[in-house]
Amino acid sequence: MRNFKEEESLNTLNHSCAHVMAQAVKHLYPQAKFWVGPVVEEGFYYDIDLGDVTITDDDLPKIEKEMKKICKDGKRIVRREVSKEEALEMFKDDEYKLDLISNLEDGSISVYSQGDFTDLCRGPHMDTVKKCRFHKLIKHSGAYWKGDKNNKVLQRIYGVCFPTKEELDEHLEALEEAKQRDHRKLGRELGIFMFADLVGRGLPMWLPNGFIVRRLLSDYITDKEISLGYQHVMTPSLGNVNLYKTSGHWAHYKDDMFPAMEVEDEAYVLRPMNCPHHMMIYRNSLHSYRDLPVRLAEIANDFRFEASGALTGIERTRAFTQNDSHIFCRPDQIKEEFKGVAKLILDVYKDFGFENYSFRLSLRDKNDTEKYFGNDELWERSEAELREVLNEMGVDYYEAEGEAAFYGPKLDVQVRSAIGHDVTLSTIQLDYQLPERFELTYVDRDGQKVRPVVIHRAILGSLDRFVAFLLEETKGNLPLWLAPTQVKVVPVNPDLHDDYSQEVNSLLLANGIRSSVDNRDEKLGYRIREAQVKKIPFQLVMGDKEKENGTVTYRRFGERKQTTVTQEEFLTLLKEEIKNKTIK
RNA sequence: GCCGAUUUAGCUCAGUAGGUAGAGCGCAACAAUGGUAAUGUUGAGGUCAUCAGUUCGAUUCUGGUAAUCGGCACCA
């Protein structure tokens, strides 16, 4: 997928196309007032105030038609520099432009004109609107002015523009293809998960195939954690409201939790995260500085009352399972522990063959003292610490203000879903606040009780979201070790070859391979097709040849090549590939 | 939650300019004895999301509700 923001020539072209769209909108809706029209990774958009009018699906073709007309007319795009005073006068009836101009420096203001349309803009632009003719309006939506939900909802229209028709068509095709690997589609087709209105929205149910994948993933990460000195615990899925008042989560996220259940003068909530429970486990015993770090981990069910509009398959749900851990350590251990976690993340991503991810250093928004309360010095210190470790490790990362947790800065690992959502898969968070709130201590070298630091981390993040991403990355073609069915044994003639098929199947099952026989009364071609459609890694076709020689003939998913080997050779091949977690 | 759209069989979708519905796949039965991506025939399966309104009559028109989808906002 092309990146419109990063590719400079595409960026300029799309920026100009945004102006063409604005001009078209102005022609069709004379009352239109324009906020901003930037180029983003997936194309351009423009935020527009149309008064009481809202854009519907039927409007996009009309706007496109007008855009075509404008492009065909082929007016030149002309830049003019204006003084701030002049700009304020030019746009005196447009409160949006006045708002923009008021934040600009005199001497740095320019406007661009094309025919009857002039817009405040820094540029640069194409020399003529003619170059914008290969465009497509992709979608539209309401968008809060300045991203604030208390503000008016503007109409946002998204589009893309390319220098050639071929590139445009190619892009539109790629968008269509991406829908084919949407985890919601694959999840249904492969029997991974389901939803039901009667159960409730955002509450996924894992089907037999899905549960196999989940179980393997949690075993995988649990084993890895054990080898790295983590200790696993299990804590209840609900907790007293006071627990969350103590942690501070109640004040911040009360409205995003399922409402409290009142029983016998007490109030409980379904837990939205596991930190407070783990804090209490740490506090359950005395800790020496020698015993740190203490790494508590849990495969934990959590519940969040996510906004209805935020729910997306198993990418964002109201009931999910975190691969969570809290590392309690001394200040002098922070760097090493942090590095250890970052290394684990890289290690795990390598195992799964993930390559399209980026590290985001999530910092506080200094102006938002309501969310990011607490001591400035601690914030500065912890942000600096994370930055330092990242620089030492030499990993690429970008910084994002206002993305920190309320208790501390984070390193988030961001991935892009098939349909283009930028989501966090893994996270490492540095926290000085919860130890304070829960009055955690350890006994230091000099016998004094001092505060530990907590590193929160999730590697697979939520198993749910991880599976969503895994399905999309693999197009549902899971590696052998994770495939719900690993081998499908297909007798050529179910009457003649079922015995031998059963014999081989039993051998596979006895060796822990997830295998089954398709001895249905269907044509061979039909059963082979089904094994392919279900993306089963190995299919064995069993006929006279195999039966006589005691061999198997296998074909890997997606390949045409057939290979005949002995039963033992096949078993060894499978075992090796499973052990090595081979990625296709 | 906000803006827009969608909702017809298990899945993917037609359709009715108001007279209670179809296809393909899937499923079941029967026939067909098969060598690497769909054998044939027959059949079952739908309060047309839901609740109201208009109407002699609503799956179709109007409104409410719910869920889903695309964004926005949110994301401990």
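Keep in mind that what you see is a predicted model, and the values were worked out from it rather than measured. Below, chains carry the letters A, B, ... as their sequence lines are ordered, and counting in each starts from 1.
- For the 3.5 Å distance criterion, the side chains of A:N274 and A:E298 fail to qualify, holding no donor opposite an acceptor.
- Following rounding to the nearest Å, A:D182 (CG) and B:C69 (P) show an atom-to-atom distance of 9 Å.
- For the residue pair A:H497 / A:D544, a side-chain donor-acceptor distance below 3.5 Å is found, with atom types taken as modelled.
- Between A:K534 atom NZ and B:G26 atom P there is a gap of 11 Å when expressed in whole angstrom units.
- A gap of 14 Å separates the P atoms of B:G15 and B:U6, to the nearest Å.
- Residue contacts for A:L154: at a heavy-atom cut-off of 4.0 Å it reaches no nucleic acid atom on any strand shown.
- The shortest distance between the side-chain N/O atoms of A:R527 and the OP1/OP2 oxygens of B:G35 is not below 4.0 Å.
- Straight-line distance from the CG atom of A:D49 to the C1' atom of B:C3: 13 Å, rounded to whole Å.
- For the P atoms, the distance from B:C74 to B:U7 is 31 Å, rounded to whole Å.
- Taking atom C1' in both B:A21 and B:A38, the straight-line distance is 28 Å, to the nearest Å.
- In this structure, A:E530 atom CD and B:C25 atom P are separated by 14 Å, rounded to whole Å.
- Between A:R520 and the phosphate of B:C27, there is a side-chain N or O to OP1/OP2 separation shorter than 4.0 Å.
- Taking the P atoms as reference points, B:A14 lies 14 Å from B:A49, given to the whole Å.
- Looking at heavy-atom distances under 4.0 Å, A:V153 makes contact with sugar-phosphate atoms alone, never a base.
- Between the side chains of A:T424 and A:Q414, at least one donor N or O lies within less than 3.5 Å of an accepting N or O.
- The ring-ring contact (aromatic ring centres under 6.0 Å, His included) test with A:W35 is passed by exactly one of A:Y46, A:W145, A:Y144, A:Y45: A:W145.
- The interatomic distance linking A:K179 (NZ) with B:U12 (C1') rounds to 14 Å, in whole Å.
- Distances from the side chain of A:T54 to the nucleotides B:G26, B:G35, B:C3 place B:C3 closest.
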Pairing string of RNA chain B (Watson-Crick or G-U wobble, both atom distances under 3.5 Å; | = paired to other strand) is (((((((..((((.....[..)))).(((((.......))))).....(((((..]....))))))))))))....
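- Remark: the separation of the P atoms in B:A44 and B:G22 is 13 Å, to the nearest Å.
- Using a 4.0 Å heavy-atom cutoff across all strands shown, A:P491 reaches no nucleic acid atom at all.
- If you check every strand for non-hydrogen atoms under 4.0 Å, A:L524 touches sugar and phosphate atoms only.
- Remark: A:E370 CD is loosely packed, at most 12 non-hydrogen atoms of other residues, nucleotides or ligands lying under 6.0 Å away.
- Two rings, from A:F303 and A:F258, have their centers 6.0 Å or more apart.
- Nucleotide B:G35 holds its C1' atom 15 Å from the NZ atom of A:K547, rounded to whole Å.
- Here the two rings, on A:F438 and A:Y282, have centers that are 6.0 Å apart or farther.
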Per-nucleotide protein contact along nucleotides 71-76 of chain B, 5' to 3', at a 4.0 Å heavy-atom cut-off (B base, S sugar-phosphate only, - neither), is BBBBBB
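- Proximity of A:H277 to A:I281: side-chain heavy atoms (C-beta onward) are nowhere separated by under 4.5 Å.
- Rounded to an integer number of Å, the gap from A:Y45 OH to B:G70 P is 19 Å.
- Mapping A:T312 and A:V492 onto RNA chain B by nearest heavy atom places A:V492 at the nucleotide closer to the 5' end.
- Residues A:M257 and A:L270 have side chains not in contact (no heavy-atom distance under 4.5 Å, counting atoms from C-beta outward).
- Using the six-membered ring where Trp is involved, A:F328 and A:H326 have ring planes that are tilted, between 30° and 60° apart.
- Here A:E546 lies in heavy-atom contact (under 4.0 Å) with a base.
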Letter by letter from the 5' end, nucleotides 63-68 of chain B scores (B base, S sugar-phosphate only, - none; protein heavy atoms under 4.0 Å) ----SS
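- Ring orientation note: the planes of A:Y407 and A:H249 are nearly perpendicular, at an angle over 60° on the 30°/60° scale.
- One atom, NE2 of A:H497, and another, P of B:G35, lie 11 Å apart when rounded to the nearest Å.
- Using bins of under 30°, 30° to 60° and over 60° for the plane-to-plane angle, the ring pair A:H252/A:F406 lands in the parallel bin.
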Worksheet entry | CA sep, side-chain torsions, deciding dist, call: A:Q567, A:L508, side-chain contact (heavy atoms from CB on, under 4.5 Å) | CA-CA 9 Å; A:Q567 296 180 15; A:L508 294 173; over 6 Å; no
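- Base engagement by A:T553 is indicated by at least one non-hydrogen atom pair under 4.0 Å involving a base atom.
- A distance of about 24 Å separates the P atoms of B:G46 and B:U41, rounded to the whole Å.
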